[in-house]
Amino acid sequence: MTLTEKDARYLWHPYTQHKTAAPPIAIARGEGALLWDENGKEYLDAIASWWVNPFGHSNRFIADAIYKQLTSLEHVLFGGFTHEPAVRVAEKLLPMLPDNQQKIFFSDNGSTSVEVAIKVALQYFFNQGETRKTIIAFEDAFHGDTFAAMAASGISFYTLAFKGMFIDVVRIPVPTPGREQASFDTLESVIAAHDCAAFIFEPLVQGAAGMVMYAPESLDRLIQICKKNNVLTIADEVMTGFGKTGKNFACDYLTEQPDMMCLSKALTGGTIPMALTTFTQQLFDGFYSDDINKALFHGHTFTANPTGCAAALASMELLATAEMQDNLSRINQKHLAFQKRIQNHPKARTTRVLGTIFAVEIATGEDASYYGSIRTKLYNFFIENGVILRPVGNIVYILPPYVMTNAQLEKVYTIVEKALEIV
Ligand SMILES: *Cc1c(COP(=O)(O)O)cnc(C)c1O
């Protein structure tokens with residue numbers, strides 16, 4: 001039996017209708033921006049394996065840090081215990097964040113980092129004797145697949161089967177060009193009509209919605225409206241964090257500061273599953289009490305896993321190097337040049353770039369649904385040509401590892417250009 005046949009016998013894949021999906025590709029090895037399957041076929045990973053891998057596959061620097069940590073302290077429970085890697089992550093990360101971020105809570109993945117933020121928002125008011133049950137979120141938001149994160153997510157594909165089983169979430173329009181005022185006005189009226197605890201958003205770029213982008217000035221305005229009304233703000237930077245937007249964090253483009261931030265994905269350079277949620281001192285103080293019931297009764301077995309912390313420390317060190325910072329601007333320049341190259345193509349309906357993120361919305365005759373036929377055709381075309389890109393409906397986006405070379409980038413651009421001809 002081949003690996004793929006054995007897989008079909010035993011395994012259940014994410015976001016996959018097994019009856020109609022093509023069998024998965026068995027990847028045997030990775031290096032830099034490249035992956036090789038079991039038959040030796042080469043693939044360019046143009047989406048950094050779901051946005052987690054900025055420093056390239058099998059990165060030696062991170063691997064060595066992990067190995068070193070594994071041979072001194074691989075894990076210890078974080079209830080009643082602490083360790084140096086966790087403290088060092090805080091000491092390294094907090095100075096990179098907006099200066100109101102003072103406390104860190106560790107978890108395992110992006111969804112749990114959001115789950116923690118939402119629970120903290122709800123309990124923060126509960127601890128003050130106030131009931132606030134509503135969370136505000138954007139249309140087409142994606143915040144993860146656990147229950148509160150899923151409730152905040154607006155992409156119906158992910159949430160259809162669970163409708164009516166969620167915490168209260170009210171949606172507002174994303175302030176994309178032309179819709180800014182509608183977004184501000186809806187936020188004001190939602191806050192007036194509901195007992196709102198928090199507003200959660202993907203700052204500047206909605207990843208899973210298809211790299212939908214909006215201006216920092218608009219987000220500043222939305223945060224101001226929340227602040228004025230004592231509604232907490234949660235920046236879900238699980239996708240945008242650690243350089244993707246050209247700055248360390250999308251929040252670095254803002255003048256306002258969120259009350260909480262959610263980080264995961266590139267946190268450990270795509271090596272160990274880890275996430276964290278960060279908070280203002282004020283939020284932490286809202287749980288600080290002689291009353292045990294006011295504590296945050298939330299935790300995960302692998303919270304602050306030292307090996308994950310070591311991987312995060314090595315990743316943050318890599319991100320700060322001149323070489324990696326140069327890569328961020330190099331990729332941005334290349335994206336902008338490519339945008340010029342195709343933006344007048346009759347099949348390129350819209351294009352957008354922020355930092356290392358590029359997206360083109362392809363003009364199609366038929367309606368392009370999230371996992372529709374156009375998407376499948378494009379995906380298969382890219383795979384046949386040895387490039388991993390996962391279009392969202394008719395939107396093709398590129399989010400390369402920062403180590404992708406210019407020649408590799410050019411290969412990706414050429415294949416995207418060719419794709420415009422096949423749809
Ligand atoms: C991927 C993602 C999540 C969920 O992270 P998981 O690690 O898949 O649970 C949450 N928010 C955003 C913005 C994401 O892109």
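If you're wondering where the values come from, they're calculated on a predicted model, not measured in any experiment. For the numbers below, each heavy atom of this structure counts, side chains included, while hydrogens, waters and symmetry mates do not. Counting starts at 1 for both ligands and their atoms, following the listed order.
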Determine, for Asp64 against Arg60, whether the closest basic-nitrogen to carboxylate-oxygen distance falls under 4.0 angstrom. yes
A quick test of your reading: do over 12 heavy atoms of other residues, nucleotides or ligands sit less than 6.0 Å from CD of Glu31? no
Counting the benzene-type ring for Trp, do Phe138 and Tyr214 have ring centres under 6.0 Å apart? yes
Find out whether Leu263 and Phe242 are in side-chain contact, i.e. whether some heavy atom of one side chain is under 4.5 Å from a heavy atom of the other. yes
Min side-chain heavy-atom separation Arg349-Asn394 under 4.5 Å: yes
For ligand 1, give me the residues whose heavy-atom distance to it is below 4.0 Å, by chain and number please. Trp51, Asn109, Gly110, Ser111, Phe142, His143, Gly144, Glu202, Asp236, Val238, Met239, Lys265
Does any part of the side chain of Tyr402, heavy atoms only, come nearer than 4.5 Å to the side chain of Lys244, both counted from C-beta? yes
